[in-house]
Amino acid sequence: MTPRTPSSGSDPKQPAEAAGPERTGAGQPPAAPAKKAVKKTAAKTAKKTAEKPVPAKKATAEQTAAAKKAAAKKATVKKAAEKAPAKTATKKTAAENVTAKKTVTEKTVAKKAVAKKAVAKKAVAKKATATRAPARPAPAAEATATGQEVGPEIPATAVALSQEDRDRLVAGTHHDPHSVLGAHRVPGGVAFRAFRPYALGVSVVAGDRRADLRHDGDGFFSGALPLADVPAYRLLVAYEGTVVETEDAYGFLPTLGELDLHLIGEGRHEELWRALGAHPTVHQGVSGTRFAVWAPNARGVRVAGTFNFWDGTGHPMRSLGGTGVWELFVPGIGEGELYKFDITRPDGSHTLRADPLARRTEVPPATSSVIHSSRHEWGDEEWLARRAERPAHEAPFSVYEVHLPSWRPGLTYRQLAEQLPAYVKDLGFTHVELMPVAEHPFGGSWGYQVTGFYAPTARLGDPDDFKYLVDALHRAGIGVIMDWVPAHFPRDAWALAEFDGRPLYEHSDPLRAAHPDWGTLEFDFGRREVRNFLVANALYWCEEFHIDGLRVDAVASMLYLDYSREPGQWTPNEHGGRENLDAVAFLQEMNATVYRRVPGVVTVAEESTAWDGVTRATHHRGPSGFGGLGFGLKWNMGWMHDSLQYMSHDPIHRKYHHGEMTFSMVYAYSENYVLPISHDEVVHGKGSLVSKMPGDWWQQRANLRAYLAYMWSHPGKQLLFMGQEFAQGAEWSETRGPDWWLLDPNYGAAADHRGVLDLVRDLNSVYRASPALWTRDVHPDGFEWITGDSADDNVFAFLRRDADGTPLLAVSHFAPVVRPDYRIGVPDDVPAWLEVLNTDAARYGGSDVVHPDPVKPEPQHRHGRPASIRLTLPPLATVWLRPA
C-alpha cells in the first residue's frame with residue numbers, strides 16, 4: 001500500500017455547504033380565510049376549482065414583479081394546466097410512471113427557475129400596497145369516497161405550516177418532513193402542503209377534483225379539500241412555461257420495515273446493502289428510487305442530485321426512530337441519476353457526502369454516487385455448485401495476482417473478460433487474485449485506500465461489467481479472489497471521514513483513529529454499526545458478485561494497538577495488553593459469517609506477525625486465550641522474506657545462509673499458508689523477481705526457474721504477481737503494467753522470457769496432476785525431509801505425499817555447477833523414479849541436463865535411508881520425480 005494525498009474530486013453544481021437560497025415571497029404571512037362557497041354539482045366543482053386563482057395575500061415587491069411577469073404567461077400556464085388530465089386514484093405501474101412524463105421534465109424546469117432567482121433577488125424587499133382579489137376556497141365535495149358529506153370551511157391556520165417547521169425545512173434540520181408535508185387530515189377535511197422551491201404554483205389532483213394551493217412564500221404551498229380521508233392524489237407543479245405532473249414524495253410510507261431497523265440497530269443486518277443506499281424500486285405502485293443512509297449525528301439529511309440540480313432543499317429525508325437512519329422515496333427517478341447526501345452537521349453547517357453504500361460511482365476524479373440496478377444474468381451455476389466440494393487448503397490452489405487497470409492498460413472489464421480468462425487458463429492457474437477493485441479516488445494507492453466500499457471502480461466500467469468479468473473467469477474454470485481493505489479509509493471530505501459531522505466510521509479517540517503509516521483513518525471496530533457495515537460488505541462481494549475469496553489486507557495493523565506507534569501514542573486494552581480486542585471480535589465475526597452464508601468461499605489473511613491462531617476456528621481457544629480468527633489461509637510472509645534473502649546471495653555464499661530456506665519448515669504447520677510473491681515485492685525500488693537473482697543474464701533466469709519450482713513444491717499454496725511469470729526485468733508500475741513486448745518474437749531475447757512462461761505453465765500442469773503437492777499441505781505427514789543440511793552443496797531434497805502416501809521427490813540445487821552421480825536417499829518401496837519436471841530443460845532456456853530414462857534405486861544407504869538414487873544435478877535447477 002502507498003500513502004496518498006486527499007483527492008478533491010469534482011464538485012456538484014450547487015454544493016450543500018453553500019447557504020440556502022432566498023425564495024420568492026419569503027416571510028409573507030398566509031392570507032386570511034376566504035368566504036364559504038356554495039354547494040355545487042360534482043362536475044361544476046371540478047371545473048370551478050381548476051379555474052380559481054391563488055388565494056389572496058399581501059405581496060412583496062418581489063412577488064408583485066414576479067406576478068406581473070407571470071401575468072403575460074398566465075394563458076400559457078393555465079392552458080398547460082388544463083391539458084393535464086385528472087387522474088384516477090389507482091397507482092401507475094413502474095413502466096407507466098417512466099413514460100408518463102410531461103413535455104418538459106421537472107429537472108429542466110427547476111434549472112430555469114434557478115436562473116430566475118438572480119433576477120428575483122434584485123427586487124426591493126418591502127411590502128406592497130397592492131393585494132390580489134380575494135379567492136374562494138375549493139367548494140365542498142358533493143360526497144366523499146365513503147359517501148359522507150363534509151363541511152366546506154377549513155381555516156387557513158389549520159392548513160399552512162408553522163414558522164418553526166418552515167424554518168427547519170429551509171435550513172435542512174427537520175427530522176420528520178413527512179409529518180408536515182404531503183396530505184394530512186385536519187378539522188373539516190384534508191390539508192395538502194408542498195415544498196417546491198422555484199415553482200410558480202402547485203395544484204392537487206385527487207380523482208376528478210383539482211385544487212390550487214396557496215403560495216405561502218419560501219417555496220411552500222398549502223391548501224385543503226373537504227374530504228373525510230386522505231385520497232390518492234398527484235401534484236401539478238407549474239413552472240415558467242410548463243406544468244409537471246408528479247407523485248408527492250411525502251405521500252409515501254417508509255420503505256424500511258421494523259425488522260430492517262431492528263437489525264441495523266443491533267448491528268446484525270447481514271444484507272445491509274439491500275436496506276441502505278439508493279434502490280430503484282416500485283413503492284406503493286409507483287416507480288422511483290428509495291434512499292436510506294445512516295447518519296445518527298446529523299440534524300437533518302437531504303438528497304441532492306442531478307434530478308434536482310444539486311439543490312436538496314426540496315428533498316428532506318425523515319429520521320426513522322432511534323436508529324440514526326434517514327429515508328426518502330423519490331418518485332419518478334431511476335437508474336443513472338447522480339446523487340449525494342446533503343447532511344446538516346450538529347453545528348448547523350452542511351456537508352455533501354457520497355453514499356457509503358453506493359453500488360456505483362462516477363469515474364474518478366468525479367465523486368458522486370450513481371443510482372444503479374443490476375441486469376446481469378449469471379452463467380456460472382456449474383462453477384458455484386462444485387466450488388465447495390473440497391476445502392481450499394486440501395485443493396490445488398495456484399494464484400495469479402492481477403492489477404486490473406494495468407494488466408492490459410486501457411481495457412475495460414468486458415474487454416478484460418475476453419483476454420484474462422484465456423491467458424490464466426492457458427497458464428494453468430486455479431485462481432486470480434484481483435488487487436482492490438472497490439472505488440478509490442487515487443489510482444496510485446492501487447485501490448488500497450477505498451472510498452466506495454460497495455462499488456467496483458468505475459474506471460473500467462459499471463458493476464454489471466465487473467460481474468461479466470467474474471462470470472467469464474468462472475466459466476473458464478478459474479476462481480476469483482479479491483483484495484479487501486477493512487483496516488482503514490482515506491480522509492477525503494466527501495467520503496467517510498466525520499461523515500455526519502462527528503467521528504462515525506473512525507474511532508472517536510484521535511490516537512486510535514489516525515493510521516500512523518498511510519495518513520488514513522482506522523475503522524472503529526468497537527461500534528456495532530461499523531462492524532455491520534464491514535461484515536455486510538464482505539458478504540456483498542461474495543453474494544452479489546460471486547467472489548470466491550477475500551484476501552484481507554493489513555490484518556497486523558488491525559490486531560495491535562501499538563502498530564507503528566511509539567510509547568505514549570497508544571492506550572492498552574482493558575487487560576493491559578496491546579491486542580485490539582475490538583478488531584479481533586470483528587475479524588472473528590466476519591469470518592464466521594462469511595463461511596456460514598457462502599459455502600466454498602475462502603478468506604485469506606495478509607498477516608505479517610506470529611499472531612496465534614489466524615487460521616484456527618473462532619471457537620477454538622489457543623495458548624494466548626483468544627479464539628482463532630477463523631481465516632481459511634494466511635500469507636507466509638516469513639517464508640517469502642527468508643527465501644528471497646537466500647536467493648539474493650551469490651551461490652558461493654549461500655552455504656552460510658542455508659537455514660533461511662529450511663527455517664520455514666519449523667512452523668510450516670502452525671497455520672494454513674499461502675506462499676506469496678506479490679506486488680509488494682516488485683515495487684518501490686525492490687526490483688522485479690528476476691532482478692533479485694545474482695549472476696549474469698543466464699544465471700539470473702536459471703535461479704528464477706529453480707526458485708519457482710522450489711516454491712511450487714514447498715508446503716503451502718502459491719501466489720505469483722503478474723509479469724513475474726515471464727521474468728519481466730523492470731519493476732512493476734501501475735501506469736505501465738507488464739512489459740508484454742518481451743514476449744514478441746521480434747525481440748532478440750524473447751526465447752528466454754518465453755522459457756520462463758513455459759515453465760510456469762508446466763509447473764501448474766504437473767502441480768494440479770500431483771495430489772502429493774496439495775492434498776496434505778497443512779498436515780505434517782505430507783512432508784518429509786531427505787536432506788535439509790547439505791549446505792556445502794546448496795542442495796535441498798524432500799518428499800511430498802498425498803493422502804494415500806504416494807510420494808513426489810523434489811530436489812533443488814542452487815549452485816551454478818553440474819554435480820554428476822549425486823546420491824539422494826529414497827524410500828526402498830519405490831522400484832523406479834521418473835523425472836516429471838526439470839527447470840534446466842532446453843525448452844525453458846536451460847543447459848538441458850535432464851534424465852529422460854527412469855532412475856532405479858540402489859541398495860546403498862544415504863541420508864539415513866536404506867536405498868538411494870544417483871542423479872546428475874543440473875546447475876541452478878530444481879528437479880521433480882515421481883514413482884515410475
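As the structure is a prediction and not an experimental result, all values here were calculated from the model.
Residues satisfying the side chain to side chain donor-acceptor pair (under 3.5 Å) criterion with Thr361, sequence neighbours excluded, are Glu439. A search for side-chain contact (heavy atoms from CB on, under 4.5 Å) contacts involving Ala417 returns Tyr468, Leu469, Ala472, not counting sequence neighbours. Checked against side chain to side chain donor-acceptor pair (under 3.5 Å), His283 has no partners two or more places apart in sequence or in another chain. Applying the side chain to side chain donor-acceptor pair (under 3.5 Å) rule to His641 yields no partners; only residues at least two apart in sequence or on another chain are considered. When the side-chain contact (heavy atoms from CB on, under 4.5 Å) test is applied to Ser557, the partners found at least two apart in sequence or on another chain are Ala487, His515, Trp518, Ala554, Tyr563. Taking Asn672 as the reference, His393, Thr615, Leu633, Val778 meet the side-chain contact (heavy atoms from CB on, under 4.5 Å) condition, with sequence neighbours excluded. With sequence neighbours excluded, the residues that form a side-chain contact (heavy atoms from CB on, under 4.5 Å) with Arg290 are Thr255, Leu256, His279, Thr281, Phe329. For His403, the side chain to side chain donor-acceptor pair (under 3.5 Å) partners at least two apart in sequence or on another chain are Ser406.
Side-chain atoms of His546 and Asp471 form no donor-acceptor pair, as typed in the model, at a separation below 3.5 Å. For Trp741 and Asn746, the side-chain atoms include no donor-acceptor pair closer than 3.5 Å. Side-chain contact of Ser369 with Lys340: a donor-acceptor pair under 3.5 Å is absent, judged by distance alone. Looking at Asp762 and Tyr844, their side chains do bring a donor and an acceptor atom within 3.5 Å of each other. Using a 3.5 Å distance cut-off with no hydrogens or angles, the side chains of Tyr448 and Asp553 do not pair a donor with an acceptor. Judged purely by distance below 3.5 Å, without hydrogens or angles, the side chains of Lys717 and Thr430 never pair a donor atom with an acceptor atom. Under 3.5 Å, the side chains of Ser373 and Glu335 contain no donor-acceptor pair of N or O atoms. There is a side-chain donor-acceptor pair under 3.5 Å between Glu337 and Thr306. With 3.5 Å as the limit, one finds no donor-acceptor pair spanning the side chains of His376 and Asp464.
Among all heavy-atom pairs drawn from Val402 and Trp407, the shortest one is CG1-CB, 3.8 Å. Between Trp310 and Ser368 the shortest heavy-atom distance is CH2-OG, 3.2 Å. The nearest pair of heavy atoms linking His440 to Ser445 is CD2-OG, 4.0 Å.
Between the side chain of Lys692 and the backbone N or O of Glu681 there is at least one donor-acceptor pair closer than 3.5 Å. Formation of a donor-acceptor pair under 3.5 Å by the Asp492 side chain with backbone atoms of Ala495 is not found in this model. For the pair Thr603 (side chain) and Asn591 (backbone), a donor-acceptor distance under 3.5 Å is absent. Under the 3.5 Å distance criterion, the side-chain polar atoms of Arg353 are matched with a main-chain donor or acceptor of Ala497.
Both the sub-6.0 Å distance and the 45° axial angle are satisfied by Arg701 relative to the ring of Trp697. Tyr673 does not carry Lys634 over the face of its six-membered ring by the limits of under 6.0 Å from the centre and within 45° of the normal.
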Just do the side-chain contact (heavy atoms from CB on, under 4.5 Å) check on Met482 and Glu433 with the steps written out, would you?
-> CA-CA 6 Å; Met482 187 186 83; Glu433 180 174 313; over 6 Å; no
Run the side-chain contact (heavy atoms from CB on, under 4.5 Å) check on Leu404 and Val437 step by step: do they pass?
-> CA-CA 8 Å; Leu404 284 178; Val437 298; 3.9 Å; yes
What's the verdict on side-chain contact (heavy atoms from CB on, under 4.5 Å) for Phe291 and Ile333, showing C-alpha distance, side-chain angles and the deciding distance?
-> CA-CA 11 Å; Phe291 296 91; Ile333 67 169; 3.8 Å; yes
Would you please test Trp740 and Phe726 for ring-ring contact (aromatic ring centres under 6.0 Å, His included) and show each step?
-> CA-CA 9 Å; Trp740 298 107; Phe726 57 84; 5.3 Å; yes
Give the C-alpha distance, both sets of side-chain angles, the deciding distance and a yes or no for ring-ring contact (aromatic ring centres under 6.0 Å, His included) between His431 and Tyr400.
-> CA-CA 6 Å; His431 292 73; Tyr400 182 62; over 10 Å; no
So Val598 and Thr593, side-chain contact (heavy atoms from CB on, under 4.5 Å) or not? Walk me through it.
-> CA-CA 8 Å; Val598 197; Thr593 306; over 6 Å; no
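Residues Tyr540 and Phe533 keep their aromatic ring centres 6.0 Å or farther apart. Outside the 6.0 Å centre-distance limit, the rings of Phe429 and Tyr767 are not counted as a close aromatic pair. Aromatic ring centres of Trp880 and Tyr710: separated by at least 6.0 Å. Aromatic pair Trp712/Trp774: ring centres not closer than 6.0 Å. Between Phe523 and His488, the distance from one ring center to the other does not fall under 6.0 angstrom. Between Trp273 and Phe453, the ring centre distance reaches or exceeds 6.0 Å. Aromatic ring centroids of Trp732 and Trp446 lie under 6.0 Å apart.
Environment of NZ in Lys425: sparse, with no more than 12 heavy atoms of neighbouring residues, nucleotides or ligands closer than 6.0 Å. Annotation: Gln419, atom CD; neighbour count of heavy atoms from other residues, nucleotides and ligands within 6.0 Å is above 12. Around CD of Glu377, the count of heavy atoms belonging to other residues, nucleotides or ligands within 6.0 Å does not exceed 12.
Side-chain contact check for Phe307 versus Leu338: every heavy-atom pair is 4.5 Å or farther apart.
For residues 730-739, the pairs satisfying salt bridge (charged side-chain N to carboxylate O under 4.0 Å, His left out) are Arg736-Asp739, with sequence neighbours left out. Within the structure, the salt bridge (charged side-chain N to carboxylate O under 4.0 Å, His left out) test picks out the following pairs touching residues 405-424 (sequence neighbours left out): Arg414-Asp465. Screening residues 719-729 for salt bridge (charged side-chain N to carboxylate O under 4.0 Å, His left out), with sequence neighbours left out, gives no hits. Screening residues 749-760 for salt bridge (charged side-chain N to carboxylate O under 4.0 Å, His left out), with sequence neighbours left out, gives Asp758-Arg761.
Here the straight-line distance linking atom CE of Met711 with atom CE of Met640 works out to 10.5 Å at 0.5 Å rounding.
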